[in-house]
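Beneath this line is the structure, given in structure tokens, with notes to follow.
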Amino acid sequence: AHIYTILINCFCHLKQTALGFSVLATMLKLGEEPDTVTLTTLVNGLCVEGKVEDAHKLFVEMAAMGYQPNNFTYGAIINGLCKRAKPDAAIACLREMEAACLELNSIHYSTIIDCLCKVGLVNDALKLCSEMTSKGIKMDTITYNILIDGLCLSGREREVGFLLEQMMRSEIYPNQYTFTVIVNAYCKDGRTEEVERVINSMVQRGLEPNIVTYNSLIDGYVLKNQMGKAQEVFHLMIEKSCSPNVITYSSLIHGYCKVKMIKEALSLFKEMVNAGLRPN
RNA sequence: CUGCGAAGCACA
């Protein structure tokens with residue numbers, strides 16, 4: 001089942017769950033028994049494609065056939081519901097796990113906390129944080145990243161410092177996501193001057209800016225119509241062997257169009273295609 | 001004993 005599951009998981013990540021199911025059919029024909037991992041992989045595939053109802057059907061079926069849904073299966077369903085912005089249903093799922101005496105972990109909580117933040121319910125998200133902590137489930141770097149991003153999205157950036165302190169005190173360390181979330185918040189807020197300081201402290205911790213960090217900064221300059229600055233970052237990233245992607249080019253092209261520098265925009269478009277990137 | 005067979009975070 002192992003090797004088949006790997007294949008199924010590949011199809012699921014390509015959003016080709018239907019092909020994943022045909023692999024399952026092949027398994028059955030060959031007399032190879034799927035296991036809980038195989039079926040959970042398919043549940044996740046359906047969730048990733050946004051077909052949470054189908055995922056739930058499979059979830060019920062697998063339970064009926066004696067494949068007990070576990071932490072991972074519930075995790076996939078919760079994630080599916082969260083990606084469809086259904087925090088209430090996701091929380092109901094969490095309660096169902098409790099009733100089934102399954103052990104909740106930081107992934108289950110973080111998934112829902114992220115969803116609440118993204119729909120603007122940061123206070124509910126913070127409540128869930130207290131709940132998980134009171135159950136002895138530790139917030140990890142991802143949980144903090146989610147909250148920091150959530151606070152920024154809700155214009156509550158002033159509370160981020162407190163969160164970072166709490167993070168360090170708990171010996172949970174920031175990673176590239178953490179810093180990039182902060183860089184992005186500053187950029188969206190037009191505070192590109194403060195980004196250099198953030199990137200310095202990032203590098204001091206041995207963390208290099210990555211493509212998302214650079215893209216955020218480029219877009220920050222684009223927002224302010226500072227195309228010269230944007231171009232500088234573009235060159236800097238290339239110098240650091242960080243290859244621009246479609247997002248990088250889209251930002252820059254948008255920026256040049258905004259300031260009516262159409263030639264530059266078009267030449268970037270060509271450059272992008274020449275680099276083997278497909279316009280979307 | 002360890003290792004990527006399954007679930008959570010950032011950019012246009």
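Here is the naming used below: chain letters follow the sequence lines, and residue numbers restart at 1 for every chain.
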Worksheet item: Is there a donor on the side chain of A:Asn280 or the base of B:A12 sitting less than 3.5 Å from an acceptor on the other?
Response: yes
Item to complete: Determine the contact category for A:Thr38: base if any of its heavy atoms lies under 4.0 Å from a base atom, sugar-phosphate if only primed atoms, P, OP1 or OP2 are that close, otherwise nothing.
Response: base
Discussion item. Taking any heavy-atom pair under 4.0 Å as a contact, classify A:Val37: base, sugar-phosphate, or nothing.
Written reply: base
Item to complete: Grab the CD1-C1' distance between A:Ile146 and B:A7 for me, whole Å please.
Response: 13 Å
Worksheet item: P atom, B:C4 versus B:G8: distance in rounded Å?
Response: 15 Å
Practice prompt. Could you tell me whether A:His254 contacts a base, only the sugar-phosphate backbone, or nothing, with contacts defined as non-hydrogen atoms closer than 4.0 Å?
Written response: nothing
Worksheet item: For the base of B:G8, is there a side-chain donor-acceptor partner from A:Asn105 under 3.5 Å away?
Response: no
Fill in: Nearest-Å distance for atom pair CG/P, residues A:Leu24 and B:A6
17 Å
Discussion item. For B:G8, does the base pair up with any side-chain atom of A:Thr111 as donor and acceptor (N or O, under 3.5 Å, distance only)?
Written reply: no
Item to complete: Would you indicate what A:Ser251 reaches in the nucleic acid, counting non-hydrogen atoms under 4.0 angstrom: base, sugar-phosphate, or nothing?
Response: sugar-phosphate
Fill in: Which nucleotide in B:C11, B:A6, B:A12 has an atom nearest any side-chain atom of A:Ser216
B:C11
Worksheet item: What integer distance in Å separates A:Asp149:CG from B:A10:C1'?
Response: 6 Å
Worksheet item: Quick one: which of B:C9, B:A7, B:A12 gets closest to the side chain of A:Ile142?
Response: B:C9
Worksheet item: Between the side chains of A:Gln231 and A:Tyr221, is a donor N or O closer than 3.5 angstrom to an acceptor N or O?
Response: no
Discussion item. Quick check on the 6.0 Å ring-centre criterion: do A:Phe234 and A:Tyr249 meet it?
Written reply: yes
Worksheet item: Can you find a side chain N or O atom of A:Lys258 that sits less than 4.0 Å from OP1 or OP2 on B:A12?
Response: no
Discussion item. Please report the distance, rounded to the nearest Å, between OH in A:Tyr4 and C1' in B:C4.
Written reply: 20 Å
Worksheet item: Thinking salt bridges, do A:Glu103 and A:Lys135 make one under a 4.0 Å N-O criterion?
Response: no
Worksheet item: Choosing from B:G5, B:C11, B:A7, which nucleotide comes nearest the side chain of A:Ile247?
Response: B:C11
Worksheet item: Do the side-chain N or O atoms of A:Asn215 get closer than 4.0 angstrom to the phosphate oxygens (OP1, OP2) of B:A12?
Response: no
Worksheet item: Atom CG of A:Asp140 to atom P of B:A7: distance rounded to whole Å?
Response: 15 Å
Worksheet item: What does A:Thr248 touch in the nucleic acid at a heavy-atom separation under 4.0 angstrom: a base, only the sugar-phosphate, or nothing?
Response: nothing
Worksheet, complete the sentence: Atom CE of A:Met237 and atom P of B:C11 are separated, to the nearest Å, by 15 Å
Practice prompt. Please state whether the phosphate of B:A12, meaning OP1 or OP2, lies under 4.0 angstrom from any side-chain nitrogen or oxygen of A:Lys188.
Written response: yes
Worksheet item: Picking from B:A10, B:A12, B:A7, which would you name as closest to the side chain of A:Val246?
Response: B:A12
Worksheet item: Is there a stack between A:Phe72 and B:A6, judged by ring centres under 5.5 Å and planes under 30°?
Response: yes
Worksheet item: Would you call A:Glu49 and A:Lys83 a salt bridge, using N to O less than 4.0 angstrom?
Response: no
Worksheet item: Among B:A10, B:G8, B:G5, which is the nearest nucleotide to the side chain of A:Thr5?
Response: B:G5
Item to complete: Please measure how far the P atom in B:A7 lies from the corresponding atom in B:G3, and state the result in whole Å.
Response: 16 Å
Discussion item. Regarding A:Thr40, tell me which of base, sugar-phosphate or nothing describes its non-hydrogen contacts under 4.0 Å with the strands shown.
Written reply: base
Worksheet item: What are the two closest non-hydrogen atoms of A:Ile172 and A:Met139, and how far apart are they?
Response: CD1-O, 3.5 Å
Discussion item. Nearest whole Å is fine: how far is B:G8 P from A:Lys83 NZ?
Written reply: 7 Å
Fill in: Given B:A6, B:A12, B:G8, the nucleotide with the shortest approach to the side chain of A:Ser250
B:A12
Practice prompt. Return yes if some donor-acceptor pair links the side-chain N/O of A:Glu264 with the main-chain N/O of A:Tyr256 below 3.5 Å, else return no.
Written response: no
Worksheet item: Checking all strands, does A:Thr143 fall into the base, sugar-phosphate, or nothing category for heavy-atom contacts under 4.0 angstrom?
Response: base
Discussion item. Rounding to an integer number of Å, can you tell me how far A:Leu104 CG sits from B:A7 P?
Written reply: 18 Å
Practice prompt. Using a 4.0 Å heavy-atom cut-off across all strands, classify A:Asp35 as base, sugar-phosphate, or nothing.
Written response: base
Discussion item. Show, in sequence, the C-alpha distance, side-chain angles and deciding distance for A:Thr248 and A:Ile211, and conclude whether the side chain to side chain contact (heavy atoms under 4.5 Å, CB included) test is met.
Written reply: CA-CA 8 Å; A:Thr248 320; A:Ile211 186 157; 4.2 Å; yes
